[in-house]
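Here the structure is a predicted model, which is why all the values come from computation and not from measurement.
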Amino acid sequence: MELMEKVKRLEQLLLRAHMVVEEADGRYIANSWMLLHLKTIATAMYHGYHVLDTVKFKKNKEEDNDLVNDSSASCFANPLKRSRTSTVCTERKKKFSMELQDALENLEVIIGDMNEFVIFLTGCDRMTHKPYDTYLYIDNFMFGRHVEKQHLINLLLENNICGPPAVIPIVGRRGVGKRTLIMHACNDERVRSHFNRIFHINGEKLGEITTKNGDLSTRTLVIVEFASDVDDNDWRKFYSSLTSLNRGNKVIILTRVKKLVRFGTVKPITLDIMVYEEYRYLLKTLSFGSANPADHPQLVPIVEELAMLLGGRLIPANIIGYVLRKDLNVQFWLSKLKGVRFSIENNMSVSGSHPNELFDQGHPAHLKDYILYPAASTSNNAPKNDLPYLIFGDLLASKSFLPKGDFNLVSWESRIPPYTSFVHMARFRPSFAQDELESPLLGRKHPRPLS
C-alpha cells in the first residue's frame with residue numbers, strides 16, 4: 001500500500017473511532033469492561049491523530065515533499081551532500097512509514113473488535129445535554145476523561161441506603177481537571193435528580209455542613225476539598241454526622257493529598273496529566289478553534305513543540321490556546337513559542353525546575369518581565385484584593401499594556417458552575433536580581449532565589 005493510500009485509510013479509521021468515542025461519551029455506561037474498552041479505543045485514536053499529523057504536517061517543506069508526495073528529489077538538492085542527505089531521507093521515510101503502519105494495524109484490530117461494543121452501546125441510555133455541551137464556546141466542554149466521568153456518575157447513582165454514606169476520593173496534582181470532572185458529573189441530569197442537595201465545602205470547615213446549611217434530612221451530596229491532611233477524629237465526627245442524617249448521602253473528597261484516600265469507602269479515582277498524544281490533540285483543538293489545521297500546515301508543528309513544553313497541564317493549554325487562535329500567523333505563533341521556551345529555560349537555569357513544578361511546590365516562577373505566584377482558586381470571579389485585574393491570555397497576546405508593580409493575573413475562569421477562577425498574584429520585575437522573594441499569597445519568604 002502506497003503512503004498516500006495508508007494516510008487515507010488512517011483517516012477513515014480515525015473517523016470511525018471518533019464517532020464511537022463521541023457517541024459513548026453521550027451515554028450512560030455502567031459496565032466496567034465497556035469502559036475499559038472505551039479507554040482503549042480513545043488511546044488508539046489520539047495516537048493515530050498524532051501519527052497522521054506527523055506525516056501530513058512537517059516542519060519543513062522539503063520533508064513534506066519527501067514524505068507525502070513520495071519524491072526523493074529533495075534529498076538530492078545539493079550534490080555535495082547527496083550521500084549523507086539521501087541516507088537521512090531514507091531513514092526518516094522508514095521511521096514514519098513504520099509509525100504509520102503500526103497506527104494502522106492497531107486501529108484495524110480495535111475497529112475489528114468494536115462491533116460488540118457498538119451493539120451494547122446502543123442499549124445504554126442517552127445523557128441529557130445542557131446548552132454548554134453544544135460547544136458554543138470552545139472552552140466550555142470537558143475534554144477526555146470519558147472513563148473517569150462515567151465511573152464517577154455510576155458511583156454517585158448507586159443506591160447504598162442500607163449502609164453508611166459512600167466516600168469517593170478524587171486525587172490528582174494541581175491543574176489536572178479534578179474540579180472540572182466533578183462539575184460535569186454533578187451537572188448530569190440523573191445525578192441532579194438523584195440528590196436533593198449538593199454542597200461544596202472547604203475541608204478546613206467540616207463542621208459547617210451541619211450548622212450552616214439547614215435541614216439535611218434529604219439525600220445530599222457533599223463535596224469536600226482538602227488542601228492538606230486532616231485529623232482522623234475531625235473526619236470521624238464529620239462523617240458520623242452525615243451518617244445520622246440520611247442513608248442516601250454521599251461524599252466526594254477532592255484533594256492533591258494522597259494520604260486522604262484512607263477515608264474512602266471505594267477505590268479512589270486518580271487523575272494524572274494527559275498522555276502526550278491526547279494533550280497534543282487538545283492543544284491543537286484549542287489553538288485552531290474553528291479554523292481548519294489543513295489550511296495552516298506550518299502551524300501544526302508549533303503545536304507539537306508547545307505540547308511538549310507545557311507538560312500536559314490543562315490551564316497552560318487553555319491560556320496558550322486562547323492566545324494562538326487570535327492570530328493564525330506563523331510569526332505570531334513562533335513568537336509565543338519562543339516566549340514559552342524562554343520562560344521554561346530561565347526557570348530551569350535559576351531554580352532547576354519547570355514552572356509547573358514550582359507552582360506545585362508553592363514557589364513563584366518567572367514569565368519574562370513578571371514574577372508569578374501560585375494560583376489561588378476561588379469560586380467567584382472577583383480578586384481578593386484591590387489590585388488591577390488582568391486576563392493572562394490578553395497579556396500574552398498583546399504588548400500594548402504592561403502593568404507596573406503588583407496585579408492580579410487570571411489564568412483561567414470557568415464559564416459554567418461553580419465558576420472557578422485561578423488567580424495569580426503577579427509582579428512586574430524587568431531585572432533578574434538574585435534576591436529573596438516574599439510571596440503575597442503564601443505569606444512567607446522563599447529561600448531559593450527565583451528572580
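Between Arg174 and Arg313, the shortest heavy-atom distance links the atoms O-NH1, 3.4 Å. Between Leu286 and Ala317, the shortest heavy-atom contact is CD1-O, 3.7 Å. The shortest non-hydrogen separation linking Ala365 to Leu358 is CB-CD1, 3.8 Å. The two residues Leu38 and His146 make their nearest non-hydrogen contact at CD2-CB, 3.9 Å. Residue Arg145 comes nearest to Asp272 through the heavy atom pair NH2-O, 2.7 Å, listed as atom of the first residue, atom of the second, then distance. Between Leu155 and Lys250 the shortest heavy-atom distance is O-CE, 3.0 Å.
Contact of the Ile269 side chain with the Pro169 side chain is not registered, since no non-hydrogen atoms from C-beta on lie closer than 4.5 Å. Here the side chains of Arg325 and Phe288 are not in contact, with every heavy-atom distance at 4.5 Å or above. Taking 4.5 Å as the limit, some side-chain heavy atom of Leu328 sits within range of a side-chain heavy atom of Trp333. Within the 4.5 Å cutoff, side-chain heavy atoms of Phe238 are placed close to those of Ile201. You'll find the side chain of Ile153 reaches within 4.5 Å of the side chain of Val191, heavy atoms only. Residues Phe263 and Val251 form no side-chain contact, since every pair of their non-hydrogen atoms from C-beta on lies 4.5 Å or further apart. Proximity of Phe226 to Arg256: side-chain heavy atoms (C-beta onward) are nowhere separated by under 4.5 Å. You'll find the side chain of Glu278 stays beyond 4.5 Å of the side chain of Met45, heavy atoms only.
For Lys284 and Glu304, the salt-bridge test fails: no basic side-chain N is under 4.0 Å from an acidic carboxylate O. Taking 4.0 Å as the cut-off between side-chain N and carboxylate O, Glu305 and Arg341 count as a salt-bridged pair. For Lys149 and Asp188, the salt-bridge test fails: no basic side-chain N is under 4.0 Å from an acidic carboxylate O. Taking 4.0 Å as the cut-off between side-chain N and carboxylate O, Arg9 and Glu108 count as a salt-bridged pair. Taking a cutoff of 4.0 Å between a charged side-chain nitrogen and a carboxylate oxygen, Lys6 and Glu11 do not qualify as a salt bridge.
No donor-acceptor pair under 3.5 Å is formed between the side chain of Lys39 and the backbone N or O of Glu148. Judged purely by atom type and a 3.5 angstrom limit, Arg27 has no side-chain atom pairing as donor or acceptor with the backbone of Ala24. No donor-acceptor distance shorter than 3.5 angstrom exists from the side chain of Asn346 to the backbone of Phe342, with no hydrogens or angles considered. In terms of modelled atom types and a separation under 3.5 Å, the side chain of Lys178 and the main chain of Gly172 share a donor-acceptor contact. Although no hydrogens or angles enter the test, the distance criterion places no donor-acceptor pair under 3.5 Å between the side chain of Asn249 and the main chain of Pro165. Checked by atom type and distance alone, the side chain of Asn347 pairs as donor or acceptor with a backbone atom of His366 at under 3.5 Å. Under the 3.5 Å distance criterion, the side-chain polar atoms of Ser240 are matched with a main-chain donor or acceptor of Lys237. Side chain of Asp125 to backbone of Tyr28: no donor-acceptor contact under 3.5 angstrom is found. One N or O on the side chain of Thr265 and one on the backbone of Val167 form a donor-acceptor pair closer than 3.5 Å. For the pair His354 (side chain) and Leu309 (backbone), a donor-acceptor distance under 3.5 Å is present.
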**Message:** Let's go through Leu271 and Arg173 carefully: what are the C-alpha distance in whole Å and the side-chain angles of both, what is the deciding distance for side chain to side chain contact (heavy atoms under 4.5 Å, CB included) to 0.1 Å, and is it a yes or a no?
**Reply:** CA-CA 8 Å; Leu271 299 185; Arg173 64 180 70 182; over 6 Å; no
**Asked** What do the steps show when you test Glu357 against Phe359 for side chain to side chain contact (heavy atoms under 4.5 Å, CB included), and what is the final call?
**Response** CA-CA 5 Å; Glu357 297 174 357; Phe359 287 147; over 6 Å; no
**Item:** Trace of the side chain to side chain contact (heavy atoms under 4.5 Å, CB included) decision for Met183 with His200
**Value:** CA-CA 11 Å; Met183 173 183 64; His200 298 253; over 6 Å; no
**Audit row: Leu283, Leu306, side chain to side chain contact (heavy atoms under 4.5 Å, CB included) steps and yes/no** = CA-CA 8 Å; Leu283 184 59; Leu306 281 169; 3.8 Å; yes
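Atom NZ of Lys259 and atom OG of Ser228 lie 10.0 Å apart (nearest 0.5 Å). Taken from CZ in Phe195 to CG in Leu156, the straight-line distance is 5.0 Å, to the nearest 0.5 Å. With values rounded to the nearest 0.5 angstrom, Ile29 atom CD1 is found 11.5 Å from Leu36 atom CG. Taken to the nearest 0.5 Å, the CD1 atom of Ile273 stands 11.0 Å off from the CG atom of Leu310. In this structure, the separation between CG on Leu10 and CG on Leu104 is 5.0 Å, given to the nearest 0.5 Å. Between Leu299 atom CG and Leu334 atom CG the span is 8.5 Å, to the nearest 0.5 Å.
Screening Leu260, Ile253, Asp229 against Trp235 for a side-chain contact (heavy atoms from CB on, under 4.5 Å) leaves a single residue, Ile253.
In this pair, Tyr281 and Tyr49 present their aromatic rings tilted. The plane angle is within the 30 to 60° band.
His194 and Arg219 share a side-chain donor-acceptor pair at under 3.5 Å.
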